[in-house]
Protein chains: 2
Amino acid sequence: MTTKNATIRDVAREAKVSVASVSRVLNGTGGVTPATQKIVREVAARLHYVPDNAARSLITGRTNTIGAVLPDLYGEFFSELIRGIDLAARARGLHLLVSSSHDGVDDAAAAVRAMRGRVDGMLILSEYVDAGFLDDNLPANLPAVLLDSPVKSARYPVLNIDNRAGAIAMVQHLIEAGRSHVAFIAGPKTNFDAQQRDKGYRAAMAKYAPDAPLNVVAGDFSEESGYRAGRELLAQKKRPQAVFAANDMMAVGCLYAFKEAGVDVPRDIALAGFDDILIARYVTPPLSTVQVRIADLGRIALDRLAALLDPADTTPASVQTLGCDIVVRETCGGSAKASTPSKRRRPQNT
Amino acid sequence: MTTKNATIRDVAREAKVSVASVSRVLNGTGGVTPATQKIVREVAARLHYVPDNAARSLITGRTNTIGAVLPDLYGEFFSELIRGIDLAARARGLHLLVSSSHDGVDDAAAAVRAMRGRVDGMLILSEYVDAGFLDDNLPANLPAVLLDSPVKSARYPVLNIDNRAGAIAMVQHLIEAGRSHVAFIAGPKTNFDAQQRDKGYRAAMAKYAPDAPLNVVAGDFSEESGYRAGRELLAQKKRPQAVFAANDMMAVGCLYAFKEAGVDVPRDIALAGFDDILIARYVTPPLSTVQVRIADLGRIALDRLAALLDPADTTPASVQTLGCDIVVRETCGGSAKASTPSKRRRPQNT
DNA sequence: AGCTTCCATGAAAACGTTTACGTTTGCGCC
DNA sequence: GGCGCAAACGTAAACGTTTTCATGGAAGCT
């Protein structure tokens, strides 16, 4: 049975109709008698006919595929994002071409270029994209949605996480729990998320604890850098009452530094992170953090892109922002007052 | 500049050569003067010419894309697998069409069907595939590699994780640390990994502690089920000396049950898991577990598939197994003695 | 009945590429 | 200079589909 696959012509011949009619039946374009429809369908089924996508794409100019260009993402973030995108794409009959683990601008550019002609639209998440990047690498007429990006373009919609609001909410919470001296462990300077979280910290301090000193130590999102930051904070002559890390991994590292030094969390110092990675629940004490609904991000991005694909597209490109929730666990010392029950997916596989 | 994209004909006209020559230049097929090559390349660059993939696929019969059909995978497992596949694919100039989050046999079948004609080969990881499934849903001539599957087919190579050997190594380690009464928290009965780990447990017990009682309690891979299993084990009149959970999430749940009951790990009971998820390192005490190199799994699977794509393919389909290493942390109580690299299983393949 | 209208159908063009095959060109050699 | 041969190049077919347009006939209307 390794013979050549049946073509539309085979079906037509066998059903004693023209290829046009076969095409019409199978695409649900109207204009064909129920009787012939039946015959065509029967023959198609019998021959196991499946339309050739290349030929179809060639003539229609559509691939029914969207591309996702992603950086070297970690664990849950990656899987949740893909899940959201994939589900939304499937619901629309779209396929998903993934190119991940890009590091560096050339890498990302190559990925975007390679997708040309294979996809009807693109989802791009990369710290390297800016207006110039897009002009250089994206075909002029290819719709794209940017994720988590600072660019403001009239051509491309952008979908961001509201890092700033999330950071503000968490800092506010810490301050209202009586810890007005909040220190901040910053993330990589070039990282957009990190910048926004930093801004949120400063805004919240200015608003809710204007008399408290600003206290920012460097970090790079790694656990190791969080550990170093933790030690650095302990060495300060006036220790902060709370520490807000720009992400959970640094918070975890910081937590270890505190444990090591015999500093009790949250009694001596409160602690909070950002992202709500799975580990946050499992460190002791469980880490308060800011939750980002990543699957939603993917889903909304894809829906946005799908709207762009529609020729009757009228909505102008804009920047949309997706809020986050703070989830209060034990490290932030505030009584359990605000504890959001975080309903998380259960791991289903090994 | 939203005009139509340049075609090969435009390039040919502009360069004053035939389309054949343009094709030859751009594909690196020989038989064209350096001089004309230069001209063609210049014109192509000037016009931003990019070959249309649909047309190319139509005539060559190849898409340079491989499809990955995956179940509803969690966090690291998913992201690592995709990372391995993606990197290997990129190295070969192949694209990656992903369809994930499939639950149920119909869902998986639809995913496989939908890829028909879009990919040159497929990677399939699904607990629902068997020989019949493949016959029904895969085009006869489409190469495919099965991941983590019990099927033995002459047509499709299979790539498995050596769950059995990993389980044996861990149980052996526990026994040699002086804990011969090892209990096992089983995974879902229908899950292939879980079955293999169960078999490994029994084999190791038979071999290394033939006098100790077999002690298996049910679980379903969830943290919750691990917690319940932990309580169940504590209620036994003769408590086990060690507990081996079929995955890390259950081990974590079990750990909480022990903590809650004031049972010290590892002093009172040793504990080990399987998977080496990120959390394993962060619970207290850090969890001993069996590490699966998932990215390698993806990479090897893709390499295998790529070999199949080669027309000069001669290697017969076979079942290949990827070893795992045990990683000894604190919960298994054996003093650090046994964490010697010599004990760790090395990968059997590149 | 004669006219129009509409619907089902088929023939054929078009999509943009690769490639088999045929033609020209350049060049060395007798 | 004629010949042969290989290299460079061009022509055109082919891939499998969608879609426009033409055609035939049936049905509706006056």
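This is a predicted model, so every value here is computed, not measured. Residue numbering restarts at 1 for every chain, and letters A, B, ... go by the order of the sequence lines.
- Side chain to side chain, Ser23(B) and Asn27(B) meet the donor-acceptor criterion of an N or O pair below 3.5 Å.
- Atom CG of Asn64(B) and atom C1' of dT18(C) are 14 Å apart (whole Å).
- Taking every side-chain heavy atom of Tyr49(A) into account, dT17(D) is the closest of dT18(C), dT17(D), dG16(C).
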key: Pair Arg304(A)-Ser318(A), side chain to side chain donor-acceptor pair (under 3.5 Å): steps then yes or no   = CA-CA 10 Å; Arg304(A) 198 80 184 267; Ser318(A) 68; 2.7 Å; yes

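- Using a 4.0 Å heavy-atom criterion, one finds that Asn27(A) contacts the sugar-phosphate atoms exclusively.
- Look at CG on Leu58(B): it is 13 Å from C1' on dT19(C), rounded to the nearest Å.
- Contact between the side-chain N/O atoms of Ser57(B) and the OP1/OP2 oxygens of dC15(D) is not found at any separation under 4.0 Å.
- Note on Arg9(A): every side-chain N or O is 4.0 Å or more away from OP1 and OP2 of dG16(D).
- Comparing dG10(C), dT19(D), dG10(D) by their nearest atom to the side chain of Ser21(A) picks out dG10(C).
- OP1 or OP2 of dT18(D) lies within a sub-4.0 Å distance of a side-chain N or O belonging to Ser23(A).
- Here the shortest heavy-atom pairing between Val69(B) and His102(B) reads CG1-CD2, 4.0 Å.
- Within the helix from dA1(C)-dT30(D) to dC30(C)-dG1(D), the inter-axis angle between the opening and closing five-pair segments is 40°, rounded to 10°.
- In this structure, Gln37(B) places its CD atom 9 Å from P of dA8(D), rounding to the nearest Å.
- Of the two residues contacting DNA chain C, namely Ala55(B) and Ala20(B), the nearest-nucleotide position lying further toward the 5' end is that of Ala55(B).
- The CD1-C1' distance, from Ile59(B) to dA13(D), rounds to 8 Å in whole Å.
- Salt-bridge formation is detected for the pair Glu42(A)/Lys38(A): a Lys NZ or Arg NE/NH1/NH2 atom is positioned less than 4.0 Å from an Asp or Glu carboxylate oxygen.
- Distance CG (Leu26(B)) to C1' (dC9(D)): 16 Å, rounded to an integer number of Å.
- Thr7(A) has no side-chain polar atom (N or O) that falls below the 4.0 Å cut-off from OP1 or OP2 of dG16(D).
- At least one donor-acceptor pair closer than 3.5 Å links the side chain of Arg90(A) to the backbone N or O of Ser100(B).
- Spacing between atom CD1 of Ile8(B) and atom P of dC15(D) amounts to 19 Å, rounded to whole angstrom units.
- Distance from the side chain of Arg24(B) is smallest to dC21(C) among dC21(C), dT18(D), dT9(C).
- For Ser18(B), counting side-chain heavy atoms from C-beta on, the closest listed nucleotide (dC9(D), dG16(C), dT19(C)) is dC9(D).
- With 3.5 Å as the limit, one finds no donor-acceptor pair spanning the side chains of Thr321(B) and Asn160(B).
- OP1 or OP2 of dA8(D) has not a single side-chain nitrogen or oxygen of Thr36(B) nearer than 4.0 Å.
- What separates CZ of Arg56(A) from C1' of dA14(C) is a distance of 17 Å, to the nearest Å.
- Distance Asp52(B) CG to dT17(D) P: 17 Å, rounded to the nearest Å.
- The pair Arg293(B)-Glu80(B) does not meet the salt-bridge criterion, since no charged nitrogen lies less than 4.0 angstrom from a carboxylate oxygen.
- With distances taken from any side-chain atom of Thr60(A) to the nucleotides dA8(C), dT17(D), dT18(D), the minimum falls on dT18(D).
- The residues Arg13(A) and Asp10(A) are annotated as salt-bridged, a charged nitrogen and a carboxylate oxygen being separated by less than 4.0 angstrom.
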